[in-house]
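Just so it is clear, the model here is predicted, and its values are computed rather than measured. The sequence lines fix the lettering, A, B, ..., with proteins before strands; numbering per chain opens at 1.
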Amino acid sequence: MKKAILYLAVFMLFAACEKEVRFKGEVTEPLLVLNGFAQPDSLLVIRLTASRFFLEEVDSFVTVKDAHLRLYVDGTYKEDLQSQKNGYYISSYRPKQGEVLSIEAEAPGFESVRAEALLPVVAELLKVDTSITLEGELYDLSYDWDPEVGDYIIDTIGLYTNYQVSMTLSFRDPPTPGDYYRVVVKHFYGKEYYDGYYDFIVENFYTAEMGDLLGPAETQNEYQIYADELYNGKTVDLKLSFAAHTYRDYQGELPNSTTSIQVQLQNISPSYYLYLKTFSEYSNSIDFFSEPIQVFSNVSGGIGIFGAYSSNVIELKFN
Amino acid sequence: MKKHLLCCLLALLGFALPAAGITISGYISDEETGETLINATVYDSISGKGAVSNLYGFYTLTLPEGPVHLIYSYLGYKPQRFDFWADSDRQLTVRLQSGAELEEVVVSGRQHKEFGVLGTQMSAVEIPVAQIKNVPSLLGENDVIKALQLLPGVQSGSEGSAGLYVRGGGPDENLLLLDGVPVYNVNHMFGFFSVFNADAIKNVTLYKGNFPARFGGRLSSVVDIRMNDGNDKSYHGNVSVGLISSKFNFEGPIVREKTSFNLSFRRTYADLLLQPILQATRRGMDELDKLSAGYYFYDFNAKINHKFSDRDRLYLSFYSGDDAIYAKVRNKYTESKTYKSTSAIGLDWAWGNLITALRWNHIINSKMFLNTTASYTRYRFDMSIGLKDENWEYQPPSYLATDIMMGYRSGIEDYTIKADLDYTPNPGHTVKLGANYTYHTFKPGVTVAKFRMDDDSVHQNLLDTVFGDSFVYAHETMLYAEDNIDLGRYVKANLGLHYSTFFVQRQFYHSLQPRLGLRFLFSDNFSFKAGYAMMNQYIHLLSNSDISLPTDLWVPVTKRITPMNSHQVSAGLFYNLKNLVDLSVEGYYKSMHNILEYKDGASFMGSTTGWEDKVSMGRGWSYGLEFLAQKSYGRYTGWIGYTWAKSERLFDRPGQELNNGKVFPAKYDRRHDLSITASYKLNDRIDFAASWVYSSGNCATLALQNYEGSPVPDSYQYYFSSLPYIESRNNYRFESYQRLDIGVNFRKKLKRGTRTWNISAYNAYNRNNPFFVYPSHSERYDPVSRQYVTKRALKQVSIFPLIPSISYSYSF
C-alpha cells in the first residue's frame, strides 16, 4: 500500500508539464491571400491563394484560379487581370512611376479584398563615386583521385580575382516624409549566369545600435531597408562597400565574359517597407517571451502584401 | 478647476481650529511584545467620539472636560477600559493584551477603523499577518504577495508568479513600500517568490483605489508593508526549516521597554545540497579540478527602535536581499613533466535590494505628530563571466596566460527625505500634511570588458573598457495635504491634493492630483462610499511581459515617453456583521493614459539601448465589480473574494499602432476571479487552512490562420513561406485556472517553546493549469495503417502540478 501511494505521488508529480488540448476558440474561415509587387514599365503579376486554419491537416496552400481581379490606376478602372496558371493573374498595362495602383479581387467563397500601393518615383541621383581596389588573386584548384597514380592530382581549374568596391551614391530625398529605400547589390556572370547577391555594408545611412553584453547589436538589417526619418528632405551621401570578384574559368565551362555588378537604390512603397521589416523580424525572432510578430498586410478583407518599387540602377563591369 | 479644488481645500483647512476641551494622546501597543498597533481604536462611550491609531501606533482624542469612559480595542485583543475625570491634557500609552484564546471579541461602541464601515477609505484591504502565514503556499513559503493575489481586484499574472495586476493595471504600476521605502524588485527566483519574509512583518495594507493624498507615484496600487519593531520586554525567536529555505527570527529588548530589536533571516539551500552531487560528478572526471555551482536567495531584515521619551522615538530599519547564481569550473591538464595547463571559468550573477530607513517620531503636542524619515533604497543587478587560461612549458621554460572578463551592471538607487505631519484638532477632523524629496540615480546597463595576456616577459592589457548608457539622475518632489473631516453625523469626507514634480535630463514634469473620498453612513454598521483619485507615474519598468527577470530595469520618463496617469472613480456599499465579518461590494472605472506596451516582437533583455523605439504609448481602461467578505478573527477566519472585471487597451497613435490601432484585451484581462481562503482552528494543537482559486483563462496571441508569404524580390528569399496570420492581439483565451491549496499545522507546547509541523499541498487536485499554449504536432499510432500518424495539435504547458511540502518550526 505504501508503495502504491508512493508511485501515485510520483506519477501525480510528473503527470503535468505538456498535454494536447482541444481548441476552444472560433474556427475561422479561410481568407483570400493576395501577393504582388509592381515595378514601373513592367507587367503586374498577382498571385492569389487561400489561407488555412492552423490546425488543418494540409501542408500546401490552395491557389485561387477563378477570381476576378480589377486594376485601378489613380482611382480609375484600367482593366481586368488575366488568369494564368497556379493562381497567377497578369496585367497588360505597364504602370508608371507616381501612379497609385489598386487591385480589387473577388473569388467565390471568399470575402472580396482590396489593396493599394503607390508606385514611387525614383530618388534624384546626383552623383556616383566608385573606387575599386584589387585585393588579390586566388587559384581555384580541383583534387581528383587518379587510380593509376594512387593519389590525388591537383589541377588548376580557374582563377578568382578579388576586389574591394567602395561607392558613394548621392541622392536627394524628397521633402515629403514617408519615403522608404532599399539597397540591393546583384552579381552577374555575363548575362546568363546569374550569381546572386552580395552582402555589403552601408556606412552612414543607418547607424547600427551598439549592443552590450546582454543586448547584442540589433538584428541585421536583412533587406537593407531605410526610412527617411533622419534624412527627410536632405541630400544624402550613401556610402556602401563590398567585396567583389571575377572568375576566369580555365576549363571553358563558364564563359569568360564580363562580370557585372548592379547596385540598385530602390524607392519602395510604405507597405512594402513595413512588410520587409516585419517579415524580417518574424523570420529572425527567437525570443520566446515577446509578443508574436504580426507580418504586415495591406490587403483589406484578406491577407498579403501588394507592394511597389522603382529602382535607380548603377552597373559596374569587370573585364 | 485646479484653483477651485485648492480653494476648497484651504477653506476646509480653515475649519481646523482647535476645539475646546482636553486632549488625550499616546501610543497603543501590544502588552506582551510592545509592538505598536496600527489602526487600533479608542472610543469614548460618553461623548460617542473616537479615534484610530496611526501607522506608528499614535492616537489623539480631544474630548469635553468631564467624565470619560475610554475603550481601547483592537481586533484580536482584549479591550481595555479607562474611566476618569478629564480636566487637563494627558498622555496615555495603553498596552492591549492579545486575546488569541478568545473565541470572538465583541467590541462595544463604534469602531473607528479607517477601512471599515465608518472610515472614508475604500478600495483598501488590511490582512492580518497571522492570516497571511496561514495561507497554504507554493513549497510552504509564506508569501505576502501571493496572499494579496487572492483578494478581489488583484490578479496574479502567469502561474506561480508574484506579479500584481491590480484593477487592470500593469505589474510596474504598484508602489510596494517596506517601512515606507519603495522596493523596486519584489521577486525572488524569477518571480515565484516575493522578497517579503512574513516573519519580519507586522502589517500589510493594500490600496487599490481611492488613494489617500499621501501616496503617489504609481497608477494602480500601493502595498504598505510595516516591519515588526521588536519585543521590548523579553527575548523571543523562531526557527523554521522548510523544503527550500530555512528561516530564523530573533527579537528582544536591548534596554527593557526602551530599546528593542528584531532580526529575521531566510536563505534557500538547494545550492548547498547540490555541492556533494557536483563533487561526486567531479571525481569521475580526472581533468576537472574544481566544480561548484548553484542558486540561492536570501533576505535579511533588521530593525532597532529606541524610545528617548514619551515624545520621541527613533527607528532604524534595514533590509538586504539577494538572488545569486554562481558557477566555478577549473580544469587541470598535465603531460608528463614537460607541460602543464589550467583553465578556469567563473560565472557570478547577483541581484537584489538594499533598503535602509531612519525614522524619527516626534509628538509636537497632544494634537500634532511628526514623522521624519531619511531613507535609501537600491536595486542592482551584477553579472560577470570570467575565463582564465595558464600554460607552462618546462623545456624550454615558458609561460603564457590569458585572462578575459566581461561584466554587466545595472540598477536604480534612491535617496529620500520626507516629513509627515498629523494634526488632529478634534475627533472629527484630521489633517495630514507632508513633503518628500527623492534623488534618483538610474543605472542603465553598463558592460565592462577586460582582456589581459601575460607571457614570460610581456604583460599586456589588450582590452580594458567600459561601455553602455550613462547614469541618469532625476529629482522627484512631492507635497500633499489630506483633510479627513466629519460633515455632520452621517457624512465624512477625505479631501486631498497631491502635487509632484519630476526633473530629468532637462525635462520638467509636474502634476496636481486631486483625491476625494466620501462616506455616507446609513447606520453604525452600514455605509456607502465613493471616491476619486488621479495618479501619476514618472518611471517605467522595462521588463519581459510574462516573467520577472533580474535584468528588468527601471527607467525614467523622457522627452518622448511622457508620464503615465490614471483617473479612477469607485463606489461601494460596506456592511459590518456583528463586528465579525466585513462585507463590501465595490464598483470602479479606471482610465489609464500614456501607458506602454511592447511592440510586436520587441522585448527587453537588459539593454536600454533604443528602448523608446521598442514600446508604444497608448491608453487603457478597466472596470469591474468586486465583492469581499472578510472575517479576520475567531476560530474561523478567511475571506471570499469575487471580481467581475474587464480591461482593454488602445494603441492608435500614428506610428505607434498596435493591433492595427484597434482595441484589444489587456494581457491579464480576466472576466471572473473567485477566491475562497479559510482557516479553522480545531484546538490549540491543530489548525487547518485552505484556499481555492477559480478564474477565467488568461489571454494570449495565437495565429489562427496560416497563409502563403510572397517571395521577396531581389533576395535569396525566393520561396513561398508559410506565415502565421494574427487577427488581433490577445485573441485566444486559455482554459480556466483552478487551484486548491491545503495545509495543516500540528502544534505542540514544549518545555521552552512551541514546535509546529506544517504539511501542505499546492494544487491539491493536480489541475493542469495552462502556463502557455502553442501550435505543434502530435503523433499517434494508427492500428489500421500500422503507422504513426502525425497531426497538427494545440499543446498546453503547465508548470506546477501537485506539490506537497513539509516544514518544521520552533518558536520560543
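To the nearest 0.5 Å, atom CD of residue A/Gln224 and atom OG of residue B/Ser715 are 12.0 Å apart. Once rounded to the nearest 0.5 Å, the distance linking CD of A/Glu29 with CD of B/Gln705 reads 8.0 Å. If you take OH on A/Tyr282 and CD1 on B/Ile726, they are separated by 8.5 Å, rounding to the nearest 0.5 Å.
Minimum heavy-atom separation, A/Arg182 to B/Pro713: NH1-O, 2.8 Å. Between A/Val58 and B/Arg792 the shortest heavy-atom distance is O-NH1, 3.0 Å. Annotation for B/Leu794 and A/Leu55: closest pair N-CD2, 3.9 Å, computed over non-hydrogen atoms. The shortest heavy-atom contact between A/Phe37 and B/Ser710 is CE1-OG, 3.2 Å.
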Do B/Asp714 and A/Gln266 pass the side chain to side chain donor-acceptor pair (under 3.5 Å) test, and can you show the C-alpha distance, the side-chain angles, and the key distance before you say yes or no?
-> CA-CA 11 Å; B/Asp714 301 318; A/Gln266 298 178 348; 2.8 Å; yes
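With a 4.5 Å cut-off on non-hydrogen atoms, A/Val184 touches chain B through its side chain but not through its backbone. With a 4.5 angstrom heavy-atom cutoff, A/Val33 touches chain B only via side-chain atoms. When heavy atoms are compared at a cutoff of 4.5 Å, B/Ala703 approaches chain A solely by way of its backbone atoms N, CA, C and O. In this structure, chain B has a heavy atom under 4.5 Å from the backbone of A/Glu56, while its side chain stays farther away. Proximity to chain A (any heavy atom under 4.5 Å) is shown, for B/Asn769, by neither the backbone nor the side chain. Of the two parts of A/Leu276, only the side chain, counted from C-beta on, holds a non-hydrogen atom closer than 4.5 Å to a non-hydrogen atom of chain B. Proximity to chain A is absent for every atom of B/Ser776, based on heavy atoms less than 4.5 angstrom apart.
Contact check on A/Arg52 versus B/Glu708 returns no salt bridge, with no Lys/Arg side-chain nitrogen under 4.0 Å from an Asp/Glu carboxylate oxygen. Between B/Lys795 and A/Glu18 there is a salt bridge, since at least one side-chain N of the basic residue sits less than 4.0 Å from a carboxylate O of the acidic one. Taking a cutoff of 4.0 Å between a charged side-chain nitrogen and a carboxylate oxygen, A/Arg22 and B/Glu735 do not qualify as a salt bridge.
Near-neighbour residues of residues 297-310 of chain A relative to chain B, defined by a heavy atom under 4.5 Å from a heavy atom of that chain, comprise A/Ile303, A/Gly304, A/Ile305, A/Tyr309.
Each of B/Lys791, B/Arg733, B/Glu597 has some count of heavy-atom pairs under 4.5 Å with chain A, and the biggest count is that of B/Lys791.
Counting heavy atoms from C-beta on, the side chains of A/Thr28 and B/Tyr725 never come closer than 4.5 Å. Counting only heavy atoms from C-beta outward, the side chains of A/Phe279 and B/Ser721 approach each other to under 4.5 Å. Side-chain contact between B/Val797 and A/Lys19 is absent, with no heavy-atom pair separated by less than 4.5 Å. Counting heavy atoms from C-beta on, the side chains of A/Tyr272 and B/Val712 come closer than 4.5 Å. Contact of the B/Glu727 side chain with the A/Glu26 side chain is not registered, since no non-hydrogen atoms from C-beta on lie closer than 4.5 Å.
With sequence neighbours excluded, the residues that form a ring pair (Phe, Tyr, Trp, His ring centres under 6.0 Å) with A/Phe23 are A/Phe53, A/Phe54, B/Tyr732.
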